[in-house]
Amino acid sequence: MPRPDQVGPTRPHPPVHDVVAAVVRKVPARTAVRTGTDAVTYRELDLWAGQIARRLAAAGVGRGDRVGVLVEPSPAMVAAALGVLRAGAAYVPLDPATPAGDLGAALSGAAVRCVVARGTGTGTPRPVGLGAVRLPIVAVDRHAGLPVAEREGAASPVSAPDGPAYVTVPVPRGAGAPGGLVVTHAELSAATVSRRALCPGTPVLLLAEPLTHEVAAAGLWATLAAGGRLILATEQQTRGPGALARLVERHRVTQLLCTSGLFAELLGSTVRPVLQQQLRTLDTVTLAAGLPPASLINRHKALLGRAVALVDVAGSTTTPTAGTTVDAEADARGRFGRPDAVVRRLARAGAVPAG
């Protein structure tokens, strides 16, 4: 586990796909990703990503290219993102539910070269229409019957620290100008190491935040880098009274990443004794999309006490709530190595006055 003095965007860290490859060698049979009843081990994830990387290389994708990942939250989505990185390219996570016209605009704005998606059957790239955009599509589907030599494949291209690793869905800009937030390999590695320092251990992370949001990326890669288990939850799986608490209990989750709104629903889903029993394995909750209200922090403290740390990811322009503490190292570092975001640890510094 990294120490606080070992993190930061200026320190060299290996790219996340190399870190995951090292984990595969150590714990190949351990479950890496689960969604519902669908799960893959680290070895299976590695082989699957290797297949996708070879398909991308055959489609002409190379170092620095941008590849859309049009897959629902699932082991396939993680394999696709890992395969893109192993091909030397940058992945652009996309929501399959996005209307074709909006999706086409996003792909065009992000300068995407091809798309990884479900369902070509053969793995041979074919053009696909996404609104006004037509791009080659590479199959994400896993083929278990390949010969061992073909499954192993060649070594990944060397990734430049300042090369793109991950691109958010872009905000529309002028014609021909690539949009979206571009996260380099160095920044993604620093964010991953920072997340591990802030939320240590070998986690079972329930990711209830869309994978198209950049805050989810650090949680995803930090979990895999630590040899943990990633539980992906769709919006439908977290909808309804008690749904999120049942997921935590069923998968023995130790870390939860979600919005403040979803966490508020979790705390209000049932009576205190039942909730404490359902969340007995939980030790850390990370909140995205803004600083939570003081009332939520107080409710968390009343229901879960000091056993569960509350971590907030928010913009640095947000004024800290009275009584909270700011992680100065994370503040200087920023999310993805940028100074425009901070990470705060809450609810272990005492109660926050309601208001």
Side-chain angles (χ1 to χ4, degrees), residues 1-34 39-54 56-57 63 67 69 75-91 142 146 148-166 183-205 207 211 216-232 254-255 333 336-337:
M1 182 188 70
R3 302 189 309 270
D5 63 341
Q6 294 176 315
V7 299
T10 59
R11 289 186 64 92
H13 302 294
V16 293
H17 55 283
D18 286 350
V19 177
V20 174
V23 174
V24 171
R25 293 190 290 270
K26 293 179 181 178
V27 289
R30 182 181 294 174
T31 299
V33 188
R34 178 179 292 278
V40 294
T41 65
Y42 275 91
R43 181 58 173 160
E44 290 168 337
L45 180 66
D46 180 67
L47 294 175
W48 196 350
Q51 292 176 2
I52 294 169
R54 287 190 297 277
L56 289 168
R63 182 168 164 173
V67 177
V69 175
M77 186 275 166
V78 179
L82 184 58
V84 171
L85 292 176
R86 285 177 54 171
Y91 73 97
R142 176 170 43 166
L146 294 176
V148 173
E150 185 179 349
R151 292 202 308 258
E152 297 296 341
S156 303
V158 177
S159 301
D162 60 350
Y166 165 73
V183 178
T184 67
H185 284 281
E187 291 169 339
L188 184 57
S189 296
T192 298
V193 173
S194 300
R195 166 79 190 186
R196 290 187 62 194
L198 193 65
C199 304
T202 304
V204 178
L205 173 68
L207 191 54
L211 294 171
L220 186 159
W221 296 115
T223 299
L224 297 181
R229 185 184 316 139
L230 184 66
I231 311 297
L232 301 179
T254 63
Q255 297 181 8
R333 181 175 55 249
F336 294 125

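For the pair L85/V20, no side-chain contact is recorded, criterion being any heavy-atom separation below 4.5 Å from C-beta on. Using a 4.5 Å heavy-atom cutoff, the side chains of W221 and L230 are not in contact. With a 4.5 Å cut-off on side-chain heavy atoms, V40 and R142 count as touching.
When all heavy atoms are compared, the tightest approach of V69 to A80 is CG1-CB, 3.7 Å. Across all their heavy atoms, A191 and A218 have their closest contact at O-CB, 4.1 Å. Residues R196 and A226 approach most closely at NE-CB, 3.8 Å, considering heavy atoms. The minimum heavy-atom distance linking V84 with Y91 is given by the pair CG1-N, 3.6 Å. A pairwise comparison of heavy atoms in L232 and V78 identifies CD1-CG2, 4.0 Å as the closest pair. Shown here for L211 and Y166, the closest heavy-atom pair between the two residues is O-OH, 4.1 Å.
Judged by distance alone, with hydrogens and angles left aside, the side-chain atoms of R86 form no donor-acceptor pair with the main-chain N or O of A49 at under 3.5 Å. Panel note: side chain R54, backbone G50; a donor-acceptor pair is recorded below 3.5 Å. With hydrogens and angles disregarded, a donor-acceptor distance shorter than 3.5 Å links the side chain of T254 to the backbone of V204.
Expressed to the nearest 0.5 Å, how far CD of Q255 lies from CG of L207 amounts to 11.0 Å. Between atom CZ of residue R34 and atom CD1 of residue I231 there is a gap of 6.5 Å, rounded to the nearest 0.5 Å. Considering CG of L205 and CG of L220, their distance stands at 8.0 Å, rounded to 0.5 Å. Taking CG from D162 and CD from E187, the interatomic distance works out to 9.5 Å, rounded to the nearest 0.5 Å.
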